[in-house]
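Structure first, then comments.
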Amino acid sequence: MYKATIAITLRPSILDPEGKTLQHALTNLGYDEVDQVRMGKQAEVWIDAESEAEARRVATETCEELLANPVTENFDVQIESVPREAAKQGTA
Amino acid sequence: MYKATIAITLRPSILDPEGKTLQHALTNLGYDEVDQVRMGKQAEVWIDAESEAEARRVATETCEELLANPVTENFDVQIESVPREAAKQGTA
Amino acid sequence: MPETLPQPPEVDRALALDHGLTSDEYDEILDRLGRTPTFTELGIYSVMWSEHCSYKNSTALLQTLPTEGEQLLAEVGEENAGLVDVGDGKAVAFKIESHNHPSAVEPYEGAATGVGGIHRDIFTMGARPICALDSLRFGSLEASRVRYLFDGVVRGIGDYGNSFGVPTVGGEVYFEDAYEGNPLVNAMSVGVVDTDRTASAAAETPGHPVVLVGATTGRDGIHGATFASAEIDEDSEEDRPSVQVGDPFTEKLLLEATLEAIREGVVAGIQDMGAAGITSSAFEMSASGGTGMDLYLDRVPTRETGMTPYEILLSESQERMLVVCEPGDEETLAEIYGKWDLNAQRIGTVTDTGRVRAHWGDDEVAVLDPAHVAGDDVPVYDRDTERPSYLEETRSFEASDVPDLEAADVEDALTTLLGSPNIASKRWVHEQYDTMVRTNTVVAPGPSDAAVMRLKGTEKGLAVKTDGNGRYVYLNPRRGAKIAVAEAARNVTCAGGTPVAVTNCCNFGNPNNPEVYWTFAEAIGGMGDACRALGTPVTGGNVSLYNEHPEGAIYPTPTIGMLGVVDDLHTQPTTAALRSEGDVTFLLTPRGWTHPDRLGGTEYLSTVHDRVAGDAPPLDLEEERAVQAATQALIRDGLVQHAHDVSDGGLAVCLAESVIHSDGLGL
Amino acid sequence: MPARFGVVVFPGSNCDHDAYHAAHHVFDQETRFIWHEEESIGDVDVVIVPGGFSYGDYLRSGAVARFSPVMQDVVRFAEEGGLVFGICNGFQVLCEAGLLPGTLMRNESLRFVCKDTPLRVENADTPFTNGLTEDQVVTIPISHGEGRYYADEDVLARIEAHDQVLFRYSTADGEVTDDANPNGSARGIAGLVNEAGNVCGLMPHPERCVESLLGGDDGRLIFESLLAHVSTVAA
C-alpha cells in the first residue's frame, strides 16, 4: 500500500484572494515577518499498487483527470510506502 | 527569506465528506487501486526571518493562532530557504 | 463472527456519575434491572436520560402548554415535528431546535449539523422542507471570539442550507453580553406533505425488518447528547473526542431517497437519527409502538475499524435514519437507496418482547425496556423554584432615573439605535444564504416582518417567523415569553398571514439552580397564556438547558417559531416598505390606549444608556388579539399598502425602517 | 411549434425543479428530467444543465459531475449544434467538460452571495438573447459561492474577439464597474457562449425570475429567446 501526498497549488499568475486575506489578517495579528501567503489544497490518496512507480502513475493520472484543474492549478506528487491497515482510519 | 510549506489536515477521527465523495468518483472512473482520499489544505507562507528556527517559530504560531482550526485540524510545517525576490511572484 | 472486543470497563456508581447520571438515577436503574447494567447499557441510559433526550427537567412544565387545535394532525410529542392541516389536501410540518453547545466548540460544524438535523426531523414525517429559518444569539461583537463564532455559524448555516437546496428565508440575530461563551443557535425547518402521505415514527408490527439507511457510522460526537446537557467549561473543548461533521450532499440524497421510499409505500415507520444516533431512534420507535427490537450491531456499516457496540449505539454520525418496513420490502428499499448511492442495511427485527436487545454476534450486549429508557417511565423532575434576587434591583428602575431626551439629541439617539447591532440591517447575514432556491419565496428577508412562501398548486402561502427577546424574559419571564409569542404573531400578521401554530425552543441555564428554574416555569406559563389567547397551539419544539457562561446563566431565552397561512398569495403579502406617494400611515392601537411612558428593557435604554433594567414592556393579550384581528381584516379587504410592527427601538425605528426599505420615499 | 426541454439531474442538483417549473409550468413546454446515469438525452431541442451543488460541489463545482454518463451524450449533442444551457453550477460543469472556455473560481469575497443583480446585454444575436437588445440592462438573481469567471489573457482576448460574452455584471444604468462585480469575474463576465454560439453558460439564474409574483420576470426574455430560436430553426 502506498500513500500519495499531492500538493495542488494555484499557478503563480492567478489571484489568490484567500492568501491575500490571510496575509492581511496575520499582519494585523503582529506577524510583520510574513511577507506573502498562498493557499492551496493537499490531497492524500492511499493507492493499493504493486510498486512505487505504479502508485505514482495512478496518482498523476487522478490529478490530470480530476483532482487538479489544468486551467488554474499545478500539482506535485510525493509517494511513500505505508502499512496496509493504517489506511482505514486515515492515520498513516 | 524562508518559505514555510504547511500541510493542514483533518484529524483522523473527523469525517471528511469531500474525501469520501472523491474516492467514490475515482473508483467510478476506474481507479480501483484508490483505497481512500483525504482532502486538506496547503499554506505556503513566505517569512522574512533571521534563521530557519525563527521562521519555524513564526510559521508554527501562525498555525496555532489562525491558519489551523485546533478543534478539527492538525498541521505540519516544512521550512526551506528561498531567494529573496522570488517571494514577490510566489514562484519559489 | 465479528472481531473479539476489548474488555469493557467495570460498571459501578462512579462510572455512572462519570456518565452524567445522578446517584438516584443509578439506583433507579439497579432497581428496575435487578442487576448491574452492562457497560453498553450504562451508555444507553446516560445518553437517553440526558436532558437533551429525556426532557426530564421540562416535561412537567411543557405539558401545561396548549397543544390542541382542530388544524393539528399529528399526536404531539416533545420530539416530533408538529403537523398542521392548511387545506387543499396539504399539511405543514415545522419545528425549531437548538444546537448551542456544539456551536460553542466548533461554530461552523455545530451550526451546519443543527440545520441538517432539523431538516431530517421534517422529512422523516414524509414532508419536503420548503424553507429554513434561524434564531441566533451571541456575546458582544467587541470580542474577537464572538466575531469568530458569528462568522462560523453564518457560514455553517449557509453552506449546509445552500448545498442541501432549501432556502434560508428568515431569522433574527441578537448580541448581548449575557450570551458570551454560550451562543444560541436555534434552527427551524418548515416542510409540506400531502395529508394522505405522512410517515409514522413508530415500530408497530413485530416481525418487521429494521433497516439502517444513509451514511456509514463513525465515532462522530459520541456523547453529544450528554455533552449537550453539561455546562460548557474551560476544559470541555478537550473532552470532545470527535466533532459531528455535516455532509449536505449526502443529506440531499437521503432526502430524495426517503421521500421516494415513502411514496413507493415501502416505509412502515421511520425516525431520524438525531442526538444518541441508533439508540434514540430504536428505543423511541419501540416505545411509541409498544413493541421491542432485536438489533445486530455487527451488521452496521462502519467507517472506522474496531468500533465497539457501545460506540456504534451511541455514535452521532450524521445523515442516517432508521426505517421499519414490511417483510419483503427490504429489496425495494435497498434498490431506492442504492440508486441514490446510500446504504440500506438490515440490522434487526421488530419483536413483541417489549425489550430492545442489542447483539454483537451471538452475545447480548444490552437488553432494556424502551418504556423505561425512552417512554413513559423515564424519570420526570419538578425542580424547586425561587424568585431571582436580581429582580429587586432591576425592578427598582424608574424612567426618571435617566435624563429625558432633549429635542437636540433625538436625531443622535435614533442613529445610535439604527446603528446598534441588534437593530441594524442583517443583509450581511442573509445575503450569504440562498433565499430563493425552489422558486417559492414570494417575500424574502429584509423589507418584511415575516417571510412569505408560495404553496405550489394552491393560491395559498405560508408566513413564517422566528422571534424572542432574552432581555424582556430576564426582566419579567412570564410577560417576556408572552411578548415573544405576541410579537411572532404580530410579524406574521403584518406580512399578510393569519397565525396558526407555534413551535418553541427553550434556551435556559442550569435547572438545578432554583432561580433559573423559576424563570423557566414563569416563561412557560406566559407562553401558554399567549398561545391560548392568540389561538396558536404549540405543536412541539425543543429544550436546551445548562446554557451558562463563566459568570452565570444566559438570559432565559424561549424562542418562538410561528407559522401563519396567507389565504390569497396574489393580494395579501405585505411588507414594511412604503409603496406610493400620498399613502397615509396610521398607528393602530387599542381603543383608549395611552403611552405607558416606561423604558424598561428597551433597546434605547440598553444602547444609549447602557442599562438593562426596569420591567418588560406592558402587554395586554386581549388588546393584542384585537389589534392583530383588525390588521388582518384590513389586509384581507385590500386597504393596506404596507404594515410594520412596532418592536425593538420603538415607533421611531419602526418608521425609519419603513422609509429605509422604501424606494426613495419619505415620511 | 413547442420546444422540447431536457433538464439534467446530478446527485446534488437542487435547481433542477426550478428549471423544470419554468420551462413546463410557466412556458408550458414539453419538459423531462434526464437522470445523470442515462446514456442518451433522448429527443430534445434544448438541454438545461441546472444550478445546484452537483456532488456537493466538492473539490471544484462541477468537477465530478462532468464524468456522469449523460455528459458524454450532452457533449455529442453540443458538438452537433444542439442548444445546451448551463445555469450557475451547470456553467461550471460545461467549463469542466471543455464545452466552454475558462473556469469558475471561488468568489473574491470568499463568501456566498445571493441577490438580484443588474446585467448588461453584450450580444443580442444568439439563440439565448435574440429577445433582448444590446446594452439593455436586465435584473436577474445570482446565488453562488464559486462564480468568479477566470480565463488566461489569450483566451479572454479570443472570447472578446468572437463576441462570445452575452452578459456583464453592471450597475442599474449599465456601467460595468468593479463595485457592480459581485465575485471578481474577469471583464465582469456573467455569461458567455462557445464560438459556435449553441452552448451557453450563465452564472445568474433566469429560471428564478420568470414570474412577477416572485419579484421580477426579466428571466422570461431568455426563455422566450430560446423558444423563438427553436421555432425559426424548425420552420
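Just so it is clear, the values below take in all heavy atoms, side chains as well, and ignore hydrogens, waters and symmetry mates. Just so we're on the same page: letters track the sequence lines, and every chain starts at 1. Since the model is a prediction, treat every value here as computed from it, not as a measurement.
Closest approach of D:Pro11 and C:Leu253 over heavy atoms only: CB-CD2, 3.6 Å. Summarising the geometry of C:Ser163 relative to D:Gly56, their closest heavy-atom pair is OG-CA, 4.2 Å, with the distance given to 0.1 Å.
Residues C:Thr441 and D:Arg208 are not in side-chain contact: their nearest non-hydrogen atoms beyond the backbone lie 4.5 Å or more apart. At least one side-chain heavy atom of C:Arg454 sits less than 4.5 Å from a side-chain heavy atom of D:Leu214. Contact check for C:Met436 versus D:Pro141: side-chain heavy atoms found under the 4.5 Å cut-off. Side-chain contact between C:Val437 and D:Cys15 is present, with heavy atoms from C-beta onward closer than 4.5 Å.
Residue D:Tyr58 touches chain C through its side chain alone, counting heavy-atom pairs closer than 4.5 Å. For C:Asp247, the parts lying near chain D are the backbone and the side chain together; criterion is any non-hydrogen pair under 4.5 Å.
Note on residues 14-25 of chain D: pairs passing side chain to side chain donor-acceptor pair (under 3.5 Å), not counting sequence neighbours, are D:His21-D:Glu211.
With a 6.0 Å radius and a threshold of 12 heavy atoms from other residues, nucleotides or ligands, C:Arg427 has its CZ atom at or below the threshold. The number of heavy-atom neighbours closer than 6.0 Å to CG of C:Asp663, taken from other residues, nucleotides and ligands shown, is 12 or below. The number of heavy atoms from other shown groups lying within 6.0 Å of CD (D:Glu37) is above 12.
Chain D forms the most heavy-atom pairs under 4.5 Å with one residue out of C:Gln432, C:Lys252, C:Glu251, C:Lys456, and that residue is C:Gln432. Among C:Thr439, C:Val154, C:Val442, the residue making the largest number of heavy-atom pairs under 4.5 Å with chain D is C:Thr439.
Listed in order of number, the residues of residues 105-113 of chain D that approach chain C to under 4.5 Å between heavy atoms are D:Arg106, D:Leu110, D:Arg111, D:Phe112, D:Val113.
Proximity of the aromatic rings of C:Phe249 and D:Phe53 is defined here by a centroid distance below 6.0 angstrom, and this criterion is not met.
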